[in-house]
Amino acid sequence: MSTYWQAALKTHWGIEADLTRLDGEYDLNFLAETEGQAYVLKVMRPGCEAEFVALQCGAFGHISASAPDVPVPNIVNTPSGENYIEVSDEAGDRRLVWLLEKCEGRVYAETLPKTLALVAEVGAKLGAMDLALADFTHPALARDFKWNLMQAGWIRDALDAITQPARRALLGEILAEYEALLPVLTALPQVAIHNDLNDYNILVSGSLTAAPHVTGLIDLGDMCASPRICDLAIACAYLVLDQDAPEQALAAAVAGYHEAYPLTGDELDLLWPLVRMRLAVSVVNSTLMAKETPDDPYVVISQAPAWAFLEREVEDAGLLRARLRAACGLAVVEAAPRVMAWIESERGNFAPLFGRDLSDAPMGSLSVENSASPINPFDLPLEEAAVVGTEYDIEGGIWLGYYNEPRLIYTASFFRRGPWKASNRRTVHIAVDGFAAAQTKIYAPLAGRVHVVEYRPAHLDYGGVVILEHATPAGDKFYTLYGHLNPELCERLSVGDIVPKGALLAHLGDKTQSGGWAPHVHFQLALTTDGMGGDWPGVADPDEMYLWGAVCPNPAALLNLPDEKTGYVTRDKEVVQAERHARFARNLKLSYAEPVMLLRGWKHHLFDEWGRPYLDAYNNVPHVGHAHPRIQAVAADQLKRMNSNTRYLHPAQVAFAEKITQKMPEGLDVCYFVNSGSEANELALRLARAATGGRDMITPDHGYHGNTTGAIDISAYKFNAKGGVGQPDWVQLVDVADDYRGRYRRDDPERAEKYAAQVNEAVERIQAKGGKLAGFIAETFPSVGGQIIPPKGYLPAVYEHIRAAGGVCIADEVQTGLGRLGAYYFGFEEQGALPDIVVLGKPIGNGHPIGAVVTTRAISEAFAQGPEYFSTFGGSTLSCRIGTEVLDIVDDEGLAENACVMGNRLLDGLRRLQGKHAVIGDVRGYGLFIGVDLVSDLVARTPATDVADYVKNRMREHRILLGCEGPFDNILKIRPPLTIDEEGVDMILAVLAEVLTEVDALSA
Ligand SMILES: Cc1ncc(COP(=O)(O)O)c(C=O)c1O
């Protein structure tokens, strides 16, 4: 068949192309490819009316002419200038045939990820298309057919085909709601619309390095005249289907459309019922088709997503209406602007909430940035809730808590918005708090009718609470809520009671009455209770403030205060970044395409300025976890006493040295304390030189030992980097013992010895230039080199060669030491090697700057021949206390054992992912020192740098921090604090699986 139409294309258009059949319900569609251009050849079904093709050609032409930014296919006329022609098919039937240029991109249905930005762009392009079509007319637009949403009522007669009673009832409800809205819908202008922007009619670009964009809106085969909101509803019915948060996708699509072609609030209110109706039509239609073609399982399968969506629990329809309006910047309810104007006009005239003027009442911030409360941002115990903010308490006074303030005190699971601890959570306070002594009286700022009065005694709930309904003189309703009150108000007040302006309303509850909180009133304004009833959220997700800020605006005016007084302004990340840019050097790099600003931490989680949690799978400095209470306590305790240096005796110095040497093999028993890993490596070099009288060093390529002059000289990762200082004449490089992508691989049983033998060649080079060997230094498991685990036996063989040549052996254990590897406290134990000098760094201080060098008595004696050794801050009393505490915590909390168990769980999961995703070339590591080598070709092991960068940034968008390493930056580096638990490991694996599926889609 293709050959026939290939010839027709040549005859009528003069185009020689290869034809491939495309899907099509009734017509024949072919992809026609020439060398430089792709086309779609459309051969209409026999009997198709010319008017119908003329309609589509006319509409495409009209859109292209009036909205060149809307990506629709161009029509390729025949050489004689016709849009379409009539050709006989092989059976002799007359067929209308036309040719379109093919739009670039893959279909939206097969696009991953379907980001909200992409959904918004689909909305925007559809809006622009509808705007272009607004003045397009054609007689064929008036069509009666099943896909015209205005005529969707036909499904009523077909509902019997739905055999499951629950499903039939559900469709009945959707239909009834639709029929009730029909008069409103019918009153809207009926204009030309696309009418079928399903996920196969949208084309999208996008790659690992370029964000997706809409490149084509195709197929006008279902065009008709209908209200434009139907066009948007049909598109939305597909856009929401596989979204985790459909209400957010709807808001994004609608906001995009509105920006291109503004909608009215009334139109928006129709959207959700129409979306559901379209899906109802879809499932009824496919049920009927399944009856006709019972052997085609696809018909039933294809209904599944629509059913799943219709049957899932979604946001209340009233709240959704408010959301869609807010997403478009429209009033959440028609009366909202009038209510706000009236409240504004009365600012200063409301009865005082506390019976007194609050202009002088101080504000107290409980924000993520300003407050260290709660200690554990995942669990606020009652004792802590009872004293929240007491630092702002002035005897007998009143202080106010901010509106729009992100806080970490909302720790209960119902504040969480996803399955993980690091999922989004509701943090932003959308009320003003008035803190005062328990039983302080509060008064109604304005007259109202009791709408809700309740006692909610649950832990951290509202305690006694009352909601008043108010009306402006024009009759517009709004509401105020007062929470954490003495529940005696439930005995005094009943729903429907009228409370006059200035009347005593309630007393602040004490902690036994207020839900457990320090005594205060939570005072909130709402312009609608649609979708919330009496159960108002008092805090909102920071990413949803467009909605909650509009439903519950700052109530300052009702307190006779200016908005600026009570409105919190969260520090703007962009401003901080600009300031940093102005003050700091350019080569001080930030992680991520979109940097993060992190203000709090707890164990293996971090929190940004809005209180969004992140799982920290990257930072090894907080070895025993962020903000460990024992570290806080020991640091505070020592700073209260004094902090001095090693020129004076102090028991803490010897205690720290004792603790470290206990962990070391016999013979490594002399400690030096410094401030960093860099300084420790500098000192290690001096020790090696003092012990041997040599100067030359041997080190593996792509190593890192620190940022000081000497440390950089032995760090090929830095001296060989672009603009680096180059390799010094006293440094010899050997290969990293990488048996995955290096010179000698896992199939070579002698690889360890072969890599080790390279140091002999290096020794020969030193001798040849008349130098003298001082020693060998290596990160035991090279980290920036790509989380490499050298083959067993490598290090002992190296050490043997080095010692035979008169050198000493330095193990840089900054990355690998102190239990991170799980089964081994130090990396050299895994290798069965015994170094002469061990370097320890950052994890030993858990964030406090500490480095240490441990060596033999003999080496230290040689060094002692030289000048006095002293480091002012190295071994400070504070450092020694903190360092000892860190090592004790590792032991007391069994963190090495945890690293072992969690590391194995993670490694197992990663290996399962490796079986599913060809992009994972290698998974390696011990404990919580893990590398995942990403490749674009499994056989050639070609580094997939773009993939690694994509994964790192997408994981961050999913709130997981990890890094990329290796000479090609293609190795995912997973190195969390040792506190990580099953939940954290499972989150990494689940999110990585999702992101790798995106990678597969983007690379297909
Ligand atoms: C293996 C190794 N050695 C030394 C250092 C330098 O430590 P610092 O940054 O504390 O000077 C680092 C830092 O990342 C390191 O990874």
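Counting starts at 1 for both ligands and their atoms, in listed order.
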For this session: Please confirm whether Y614 and F607 have ring centers closer than 6.0 angstrom.
Result: no

Acceptor/donor pairs from residues 709-730 side chains to any protein atom, 3.5 angstrom cut, sequence neighbours excluded:
| unit_1 | atom_1 | unit_2 | atom_2 | d |
| --- | --- | --- | --- | --- |
| S715 | OG | H705 | N | 2.8 |
| S715 | OG | A711 | O | 2.6 |
| Q727 | NE2 | V731 | O | 2.8 |

Exercise. Is the backbone N or O of G625 less than 3.5 Å from a side-chain atom of T979, with the two atoms forming a donor-acceptor pair by type?
Worked result: no

For this session: Might you list the protein residues in contact with ligand 1, defined as having a heavy atom under 4.0 Å from one of its atoms, sorted by chain and number?
Result: S676, G677, S678, N681, Y704, H705, G706, E779, D812, V814, Q815, K842

For this session: Applying side chain to side chain contact (heavy atoms under 4.5 Å, CB included), name anything that partners L834, two or more places apart in sequence or on another chain.
Result: P665, L668

Exercise. L972 versus E965: any side-chain heavy-atom pair under 4.5 Å?
Worked result: no

Problem set entry | salt bridge (Lys or Arg N to Asp or Glu O under 4.0 Å) involving D739 - partner list, sequence neighbours excluded | R746, R751

